[in-house]
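This report refers to the structure that appears directly beneath it.
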Amino acid sequence: MAIRVPSMELHRSAPLLPGGRGKTCLQKPFLVQANRSGGLEKANTRLRGTQGSGQPKKRVPLTRGTVSAPLPVPGNIPRPPYVGTKDVPEISKEIQMHDKESIVHMRAACELAAHVLEYAGTLVKPSVTTDEIDKAVHKMIIDAGAYPSPLGYGGFPKSVCTSVNECMCHGIPDSRKLQDGDIINIDVTVYLNGYHGDTSKTFLCGEVDEASKRLVKITEECLLRGISTCKHGTSFKKIGRRISEHAERHGFGVVECFVGHGVGRVFHSEPIIYHQRNNKPGQMVEGQTFTIEPILSMGSIDCDMWDDGWTAVTTDGNLAAQFEHTILITRTGAEILTRR
């Protein structure tokens with residue numbers, strides 16, 4: 001899951017806004033609005049939707065269904081500290097570093113998250129509801145003795161995020177049935193033995209048109225290219241540059257208002273990982289864990305917020321796709337902890 005602060009720049013002193021009930025990205029939990037200046041507008045000056053693989057089929061705009069009650073978690077399963085309050089926690093300034101013992105715990109949490117995500121993907125079929133996916137994911141997580149990290153985070157009512165078609169991220173599972181030709185991002189985070197493992201993937205539902213398949217393929221490639229830059233001593237800004245270069249080459253826009261984050265004992269911490277070109281300072285350090293989770297769009301990279309305070313959709317209704325891994329920085333590269 002991505003994070004946000006309510007400003008055009010990342011102000012460390014600015015508190016997160018609880019609830020975020022507005023209509024624009026500036027009022028949405030988990031969001032950072034990046035500063036656009038100088039040469040950083042390059043990604044936004046070219047025409048979009050010229051991917052050369054035909055046009056995506058026309059879809060009925062996404063509408064919300066009925067959201068059922070949050071599912072119970074057995075009392076013996078440890079909860080993250082934010083559970084029980086509707087306030088969105090502040091982004092921790094802690095840079096989460098790991099020794100051999102804590103790396104074992106991170107690997108276990110991330111392995112479970114990856115396993116759950118893989119299982120969730122097998123459920124993606126026409127006529128299946130996102131609420132059914134949530135229930136299956138919830139059961140799998142608690143059966144493993146873990147807590148579904150999104151449940152109760154800032155009042156989020158479900159155990160997984162399901163973002164369909166033009167939804168960029170943080171879609172709330174509901175009674176809407178998946179349609180043939182949909183794409184859906186499923187974002188799974190588990191809290192196991194005091195550590196969070198965080199991952200997401202965009203799945204194809206039924207017969208999906210070639211343009212949509214291409215968006216999904218290039219988004220995953222962008223994630224892997226961003227990860228390929230990572231190792232001890234590398235500047236964080238190289239991640240955004242590598243992602244932007246590949247997205248632009250294929251005619252897609254990189255969404256700027258959602259970012260990756262440090263993850264470990266704390267769900268969301270620094271460093272903030274920008275997926276677009278940027279000049280932010282900072283270097284990676286061996287033993288550090290964080291997420292990279294780019295979102296690509298066929299059209300507008302700006303978002304509108306539904307009044308549920310969570311669901312972020314593209315302003316023009318064009319499709320968006322996202323992929324995410326939790327990685328561990330090593331001396332020579334990066335270990336993808338959530339890879340299956």
Side-chain angles (χ1 to χ4, degrees), residues 1-3 10 12 32 34 91-118 146 149 187-201 218-247 254 258-295 322-340:
M1 297 179 84
I3 53 176
L10 179 62
R12 294 171 186 264
V32 170
I91 301 167
S92 173
K93 297 179 183 179
E94 174 188 358
I95 301 298
Q96 302 194 66
M97 304 294 298
H98 299 278
D99 57 20
K100 289 183 179 179
E101 181 180 352
S102 60
I103 287 174
V104 170
H105 290 303
M106 277 300 295
R107 286 195 178 116
C110 289
E111 181 180 352
L112 176 60
H115 186 46
V116 171
L117 180 62
E118 182 179 59
S149 302
D187 191 333
V188 172
T189 313
V190 304
Y191 183 68
L192 179 66
N193 296 323
Y195 291 81
H196 297 274
D198 193 0
T199 185
S200 83
K201 179 177 180 178
I218 299 303
T219 305
E220 184 173 23
E221 290 176 1
C222 281
L223 169 62
L224 296 177
R225 285 172 183 257
I227 294 172
S228 72
T229 69
C230 296
K231 67 177 180 179
H232 177 80
T234 297
S235 297
F236 287 110
K237 63 186 179 183
K238 287 189 177 181
I239 297 172
R241 184 176 69 194
R242 185 66 64 86
I243 289 171
S244 294
E245 287 172 350
H246 194 60
V254 180
F258 294 97
V259 298
H261 53 89
V263 65
R265 284 188 175 276
V266 179
F267 194 174
H268 296 110
S269 76
E270 295 192 23
I272 301 303
I273 307 300
Y274 294 88
H275 303 115
Q276 78 284 358
R277 284 186 177 84
N278 67 90
N279 289 317
K280 300 295 182 182
Q283 293 183 328
M284 304 170 203
V285 180
E286 182 180 8
Q288 189 175 42
T289 50
F290 54 84
T291 71
I292 303 177
E293 43 188 306
I295 304 171
Q322 182 183 33
F323 282 79
E324 174 186 13
H325 276 308
T326 296
I327 66 169
L328 167 70
I329 298 301
T330 69
R331 182 63 56 174
T332 58
E335 178 183 346
I336 301 176
L337 299 178
T338 46
R339 172 173 275 169
R340 287 286 295 170

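Sequential numbering from 1 along the given sequence is applied to the chain's residues.
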**Q.** side-chain contact (heavy atoms from CB on, under 4.5 Å) assessment of Ile292 paired with Cys230
**A.** CA-CA 10 Å; Ile292 303 177; Cys230 296; 3.9 Å; yes
Q. Using 30° and 60° as the class limits, which term best fits the ring planes of Tyr195 and His105: parallel, tilted or perpendicular?
A. parallel
Q. Would a distance-only check, ignoring hydrogens and angles, find a side-chain to backbone donor-acceptor pair under 3.5 Å from Ser244 to Gly240?
A. yes
Q.
side-chain contact (heavy atoms from CB on, under 4.5 Å) for Ile218 and Cys222? Distances and angles first, verdict last.
A. CA-CA 6 Å; Ile218 299 303; Cys222 281; 4.3 Å; yes
**Q.** Residue among Ile95, Ile327, Val263 satisfying side-chain contact (heavy atoms from CB on, under 4.5 Å) with Phe290
**A.** Ile327
Q: Answer yes or no: is there a donor N or O on one side and an acceptor on the other, between the side chain of His246 and the main chain of Leu223, under 3.5 Å?
A: no
Q | Option from Ile227, Leu328, Thr199 for which side-chain contact (heavy atoms from CB on, under 4.5 Å) with Ile336 holds | A | Ile227
Q. Judged by atom type as modelled, is there a donor-acceptor pair below 3.5 Å linking the side chain of His275 to the main-chain atoms of Glu293?
A. yes
Q: Identify the heavy atoms of Leu224 and Arg339 that sit nearest to each other, and give their distance.
A: CD2-NH2, 3.6 Å
Q. How many angstroms lie between atom NE2 of His261 and atom NE2 of His268, to the nearest 0.5 angstrom?
A. 3.5 Å
Q: Can you spot which of Lys93, Gln96, Glu94 makes a side-chain hydrogen bond (donor to acceptor under 3.5 Å, both in side chains) with Ser269?
A: Gln96
Q. What pairs with Val104 under side-chain contact (heavy atoms from CB on, under 4.5 Å), at least two apart in sequence or on another chain?
A. none
Q) In this structure, which one of Lys201, Arg107, His325 forms a side-chain hydrogen bond (donor to acceptor under 3.5 Å, both in side chains) with Thr338? A) His325
**Q.** Within-4.5 Å side-chain heavy-atom neighbours: Glu245 and Arg277
**A.** yes
Q) Can you list the steps and then say if His232 with Val285 is a side-chain contact (heavy atoms from CB on, under 4.5 Å)? A) CA-CA 5 Å; His232 177 80; Val285 180; 4.2 Å; yes
(Q) Heavy-atom count check: over 12 atoms from other residues, nucleotides or ligands less than 6.0 Å from Arg340 CZ? (A) yes
Q | Spatial distance of atom NZ (Lys238) from atom CZ (Arg225) [nearest 0.5 Å] | A | 16.0 Å
Q. Taking only residues two or more places apart in sequence, or in another chain, which ones meet His98 in a ring pair (Phe, Tyr, Trp, His ring centres under 6.0 Å)?
A. none
Q) Is the number of heavy atoms from other residues, nucleotides or ligands within 6.0 Å of CD (Glu111) greater than 12? A) no
Q | Contact summary for Gly197 and Ala113, nearest pair of heavy atoms | A | O-CB, 3.5 Å
Q) Does the side chain of Thr189 pick up a donor-acceptor pair with the side chain of Asp198 at under 3.5 Å? A) yes
Q: Of all the heavy-atom pairs spanning Ile239 and Gly226, show the shortest one and how long it is.
A: CG1-O, 4.0 Å
Q: Kindly determine whether Leu337 and Met106 satisfy side-chain contact (heavy atoms from CB on, under 4.5 Å), including the steps that lead there.
A: CA-CA 8 Å; Leu337 299 178; Met106 277 300 295; 4.2 Å; yes
**Q.** Contact summary for Ile273 and Thr291, nearest pair of heavy atoms
**A.** CG1-O, 3.5 Å
